[in-house]
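Structure record follows, encoded as structure tokens.
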Number of protein chains: 2
Amino acid sequence: MHLSETPMKLRAAQLRVTAPRVAVLEELTSRPHADADDLVVAVRERLGSVSVQAVYDVLRALTAAGLVRRIEPAGHPARYETRTGDNHHHVVCRSCGAVGDVDCAVGAAPCLQADDPDGFTIDEAEVIYWGYCTECRDDVPGIDRSTAPQPGSLSEPAP
Amino acid sequence: MHLSETPMKLRAAQLRVTAPRVAVLEELTSRPHADADDLVVAVRERLGSVSVQAVYDVLRALTAAGLVRRIEPAGHPARYETRTGDNHHHVVCRSCGAVGDVDCAVGAAPCLQADDPDGFTIDEAEVIYWGYCTECRDDVPGIDRSTAPQPGSLSEPAP
DNA sequence: ACCCTGTCTTGAACCATTCCAGTCTGGTGT
DNA sequence: ACACCAGACTGGAATGGTTCAAGACAGGGT
């Protein structure tokens, strides 16, 4: 995979090719689920200096163009990833905020057909799994599904 | 339903019974999915004056005790609801942020069994449906599933 | 009735993100 | 090649929801 194809992606998305954009997009490819701050640091290592706002601006442009997807887990800063278009969801560690990709076991959207959405017109379903990553489960003693803040959805099977 | 049973709920949850707590809990029962600011206003109408921090504090205590559930839709302030423990999810209006309850069509958690969560120990699955409420769909001309920012999960049925 | 723990108040800080005005530059047309 | 201009970047400041800190106060067990 040649990195030089990144500019072509930008072009294909009707976006100008600039150093910050290429840098953000490539860094994001090599480290999925990075947050804005991670990217600022990473891009600065590449280019010497970039303003925080430039990174946010780039991320907004890329998101609008559909090249990156924004994930906003409650209580954590937004994460970004380049894997777009496929129906996948995320696991988030309650402790360290680590994010992992999860393909829905059923493949795509069977339970995502909402039952009676009060007249809402639904166009997207977003699933976030909460739990603990391997490291945090080991670090924090006694963490198991029993110590979770809320019993939560999974622990209540259908009546 | 007597309002006076609210203190008993607090007691049952090992919480002290105070005016702000009773007020927050009862207001939250009568207006589900209220955000912190709504509650500050509502509680002030009842009690004359309460500090914003008291409301946040009460909400945190109630949430920790499992009496209320916190919903944090990306890009909107947190909402709170008293309906806890049952496996239900939410629809959020992209335009006005209105929130509605949705019972999963399948009843409970079939697709919520994550496939290969990278070693994560999952204890909860959170589903948020995005779309437009009845009013906003009418107000903003041309809104339909075709104008949605991202095609999203629902538009991609299983291969 | 007393005391202690936990709750409310006031005030300020926090953080991710956005807004603003100005300067610079990619890329298209001449 | 050159010039032009919409659109990107820079720096600085502001926003808004939420949380922290220190002190005054009060619920409720003893």
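Nothing here was measured: the structure is a model prediction, and the numbers come from that model. Every chain is numbered from 1 and lettered A, B, ... according to where its sequence line falls, protein lines coming before strand lines.
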* Got a sec? Which of residues 73-80 of chain B come in under 4.0 Å of DNA chain D, heavy atoms? -> B/P77, B/A78
* To do: Would you mind listing every salt bridge (Lys or Arg N to Asp or Glu O under 4.0 Å) that reaches into residues 75-84 of chain A, with sequence neighbours excluded?
  => A/R69-A/E81, A/R83-A/D86, A/R83-A/D101, A/R83-A/D103
* Structure fact -> In terms of heavy-atom contacts, B/A125 and B/H89 come closest through O-CE1, 3.9 Å
* To do: For DNA chain C, note the earliest and the latest nucleotide, 5' to 3', having some atom under 4.0 Å of a heavy atom belonging to chain A.
  => C/dA16 to C/dG27
* Please report the shortest heavy-atom distance between B/P73 and B/W130, naming the atom on each side. => CB-CH2, 4.0 Å
* Considering non-hydrogen atoms only, spot the tightest contact between B/A36 and B/V55 and give its length. => O-CG1, 4.1 Å
* Asked: So which heavy atom on A/E72 is nearest to which on B/G75, and how close?
  -> OE1-N, 3.6 Å
* In one Ile/Leu/Val/Met/Phe/Trp/Tyr side-chain cluster, 4.5 Å: A/V17, A/L25 -> yes
* Does the side chain of A/V40 reach to within under 4.5 Å of the side chain of A/Y56, using non-hydrogen atoms? -> no
* For residues A/H90 and A/V102, report the shortest heavy-atom separation together with the two atoms involved. => C-CG2, 4.4 Å
* To do: Please say which of B/T82, B/T84, B/V68 ends up in a side-chain contact (heavy atoms from CB on, under 4.5 Å) with B/L62.
  => B/V68
* Can you check the B/D35 CG to D/dG17 C1' distance for me, whole Å? -> 10 Å
* **Heavy-atom pair of closest approach, residues B/L47 and B/A23** => CD1-CB, 4.0 Å
* Whole-Å distance between D/dA6 C1' and A/Q14 CD? -> 14 Å
* **Earlier contact from the 5' end, DNA chain D, for A/R21 and B/A36** => A/R21
* Non-hydrogen side-chain atoms of B/L15 and B/L67 separated by less than 4.5 Å -> yes
* Asked: With side chains defined as the heavy atoms from C-beta onward, is the minimum distance between A/L59 and A/L28 less than 4.5 Å?
  -> yes
* Asked: Near DNA chain D, under 4.0 Å by heavy atom, which residues of residues 49-62 of chain B?
  -> B/Q53, B/Y56
* Which angle, to the nearest 10 degrees, lies between the helix axes at the two ends of the helix from C/dA1-D/dT30 to C/dT30-D/dA1, each defined by five pairs? -> 30°
* **Evaluation steps, side chain to side chain contact (heavy atoms under 4.5 Å, CB included), between A/E27 and A/E45** => CA-CA 11 Å; A/E27 283 299 330; A/E45 278 179 8; over 6 Å; no
* To do: State, yes or no, whether a side-chain contact exists between A/V52 and A/R44 at a heavy-atom distance under 4.5 Å.
  => yes
* Structure fact -> Nucleotide by nucleotide, nucleotides 25-30 of chain D touches protein heavy atoms under 4.0 Å in the pattern (B base, S sugar-phosphate only, - none) -BBS--
* Got B/D57 and B/R60 here, is their nearest side-chain heavy-atom distance under 4.5 Å? -> yes
